[in-house]
Visitor: 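Sharing a structure, written as structure tokens. Questions coming.
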Amino acid sequence: GLLSPHYEVEAVEDGRAALEAAKRSVPSLILLDVMMPRMDGFELLAAVRADPALAQVPVILLSARAGEESAIDGLGAGADDYVCKPFSAPELLARVKTHLRLAEERRAFAKTLEERNRSLEEALLAKSRFLATMSHEIRTPMNAIIGMSGLLSDTALDEEQREYASGVRRSAQSLLGIIDDILDFSKLEAGQLAIESEPVSLL
């Protein structure tokens, strides 16, 4: 009666019926009494928190048990709020409004975080593809440098010229090793290469 003028309310007669109704259509908020037939408030709360589809739904417990200890029990069980009877209409409406707003802010934050994570994954994938392409394009001329410097070493050269040719070949091979490492790293990030771990004895 207090909530219906402001919200769409589905009322049920016991805890089990409430759980079934929540599973049929996920509510924005669950307002429940601790004392209920078939399934009491704490049992229903535990079932809600254990269900992935309902776990994030805010739950407000109503109870005739007043006192800090009772409120701690309710909040410790996973409730978002604990309201003692008797309560005033403005108090209940304010608590419901607050938790609905907080739930909406959490959903908006989660959506934003999901979108940013997706953008980050796309950026990382694009970077990995770029590195893979770049590494592949650089390997081709590097292989040519290694091959040609090897052929050059087999020609008639004096000692100094041969040392220069060998230096070019060693440097090209070193750079090619770095390029191969970059290529493997980019494949790992892109999910094209898997790492296999094996136990190794240090004895």
Visitor: Which atoms form the tightest heavy-atom contact between Leu44 and Gly15, and what is the distance?
Guide: CD1-O, 3.7 Å

Visitor: Which pair of non-hydrogen atoms, one from Ala53 and one from Asp51, has the smallest distance, and what is that distance?
Guide: N-OD1, 2.9 Å

Visitor: Is the count of non-hydrogen atoms from other residues, nucleotides or ligands lying under 6.0 Å from Glu8 atom CD greater than 12?
Guide: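 Counting other residues, nucleotides and ligands, CD of Glu8 stays at 12 neighbours or fewer.
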
Visitor: Quick one: pull up CG in Leu93 and NE2 in His6 and give me the separation to the nearest 0.5 Å.
Guide: 5.0 Å

Visitor: Look up atom CG in Leu2 and atom CD in Glu91, then write down how far apart they are to the nearest 0.5 Å.
Guide: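 So the CG of Leu2 and the CD of Glu91 are separated by 11.0 Å.
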
Visitor: Does the pair Leu61 and Ser63 meet the rule for a side chain to side chain contact (heavy atoms under 4.5 Å, CB included), with working shown?
Guide: CA-CA 6 Å; Leu61 278 176; Ser63 176; 5.8 Å; no

Visitor: Answer yes or no: is there an ion pair linking Arg118 with Glu122, defined by an N-O contact shorter than 4.0 Å?
Guide: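 Salt bridge flag = no for Glu122 with Arg118.
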
Visitor: If you round to the nearest 0.5 Å, how far is CZ of Arg162 from OG of Ser166?
Guide: 7.5 Å

Visitor: What do you reckon, is CD of Glu159 surrounded by more than 12 foreign heavy atoms closer than 6.0 Å?
Guide: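 No, because the 6.0 Å sphere around CD of Glu159 holds 12 heavy atoms or fewer from other groups.
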
Visitor: Using side chain to side chain contact (heavy atoms under 4.5 Å, CB included), reason through Gln173 and Arg169 one step at a time and then give a plain yes or no.
Guide: CA-CA 6 Å; Gln173 288 174 331; Arg169 183 178 176 84; 3.7 Å; yes

Visitor: Are Val96 and Val9 joined in one hydrophobic group, where the rule is that I, L, V, M, F, W and Y side chains link up if heavy atoms are under 4.5 Å apart?
Guide: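 Linked within one cluster.
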
Visitor: Verify, without hydrogens or angle tests, whether Asp33 (side chain) and Met36 (backbone) share a donor-acceptor contact under 3.5 angstrom.
Guide: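 Flag not set: sc Asp33 to bb Met36 has no pair under 3.5 Å.
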
Visitor: Are Lys111 and Glu115 side-chain neighbours, meaning at least one heavy-atom pair lies under 4.5 Å?
Guide: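 Lys111 vs Glu115: side chains touch.
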
Visitor: To the closest 0.5 Å, what do you measure between CZ (Arg95) and CG (Asp81)?
Guide: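 These two atoms lie 4.5 Å from each other.
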
Visitor: For Met39 and Asp14, what are the C-alpha separation, side-chain angles and deciding distance, and is it a side chain to side chain contact (heavy atoms under 4.5 Å, CB included)?
Guide: CA-CA 7 Å; Met39 178 183 283; Asp14 59 56; over 6 Å; no

Visitor: State, to 0.1 Å, how close Ile30 and Ala22 come at their nearest heavy-atom pair, and which atoms those are.
Guide: CD1-CB, 4.5 Å

Visitor: Can you see which heavy atom on Val12 is nearest to which on Ala21, and at what distance?
Guide: CG1-CB, 4.3 Å

Visitor: Answer whether the closest heavy-atom distance between the side chains of Glu10 and Arg24 falls below 4.5 Å.
Guide: yes

Visitor: Could you walk me through whether Leu31 and Leu3 satisfy the side chain to side chain contact (heavy atoms under 4.5 Å, CB included) test, starting with their C-alpha distance in whole Å, then the side-chain angles of each, then the deciding distance to 0.1 Å, before giving a yes or no?
Guide: CA-CA 10 Å; Leu31 179 67; Leu3 299 175; 3.6 Å; yes

Visitor: Hey, what do you get for CG (Asp180) to CE (Met142), rounding to the nearest 0.5 Å?
Guide: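 The CE atom of Met142 is 10.5 Å from CG of Asp180, to the nearest 0.5 Å.
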
Visitor: Tell me whether Ser171 contacts the main-chain N or O of Val168 through its side chain, where contact means a donor paired with an acceptor under 3.5 Å.
Guide: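 Judged by distance alone, no pair lies under 3.5 Å.
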
Visitor: Do Leu62 and Phe87 have side chains that get closer than 4.5 Å, going by heavy atoms?
Guide: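 Leu62 reaches Phe87 side chain to side chain.
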
Visitor: Might you point out which heavy atoms bring Ala165 and Leu157 nearest each other, and give the distance in Å?
Guide: CB-CD1, 4.4 Å

Visitor: Is a side-chain donor or acceptor of Ser153 paired with a backbone partner of Ser149 at a separation under 3.5 angstrom?
Guide: yes

Visitor: Is any side-chain heavy atom of Arg49 closer than 4.5 Å to a side-chain heavy atom of Val59?
Guide: yes

Visitor: Does any non-hydrogen side-chain atom of Leu54 lie less than 4.5 Å from one of Val26?
Guide: yes

Visitor: Is Lys97 close to Arg101 at the side-chain level, that is, under 4.5 Å between some pair of heavy atoms?
Guide: no

Visitor: Hey, are the side chains of Tyr82 and Ile72 touching, using non-hydrogen atoms and a 4.5 Å cut-off?
Guide: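 The answer is no; the side chains never approach within 4.5 Å.
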
Visitor: Is there side-chain contact between Ile60 and Val83, with at least one heavy-atom pair below 4.5 Å?
Guide: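 In contact.
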
Visitor: As an exercise, state the distance from CG of Leu45 to CG of Leu19, rounded to the nearest 0.5 Å.
Guide: 11.0 Å

Visitor: Between Glu43 and Arg38, does at least one N-O distance fall below 4.0 Å, as a salt bridge requires?
Guide: no

Visitor: How about Gln161: does its CD atom have over 12 heavy atoms from other parts shown lying under 6.0 Å from it?
Guide: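 It does: Gln161 CD has more than 12 such atoms within range.
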
Visitor: Does atom OH (Tyr164) have a neighbourhood of more than 12 heavy atoms from anything else shown, all under 6.0 Å?
Guide: no

Visitor: For a side chain to side chain contact (heavy atoms under 4.5 Å, CB included) with Leu176, tell me which candidate from Ile145, Ile146, Asp181 qualifies.
Guide: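 Result: among Ile145, Ile146, Asp181, Ile146 is the only option passing the side chain to side chain contact (heavy atoms under 4.5 Å, CB included) with Leu176.
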
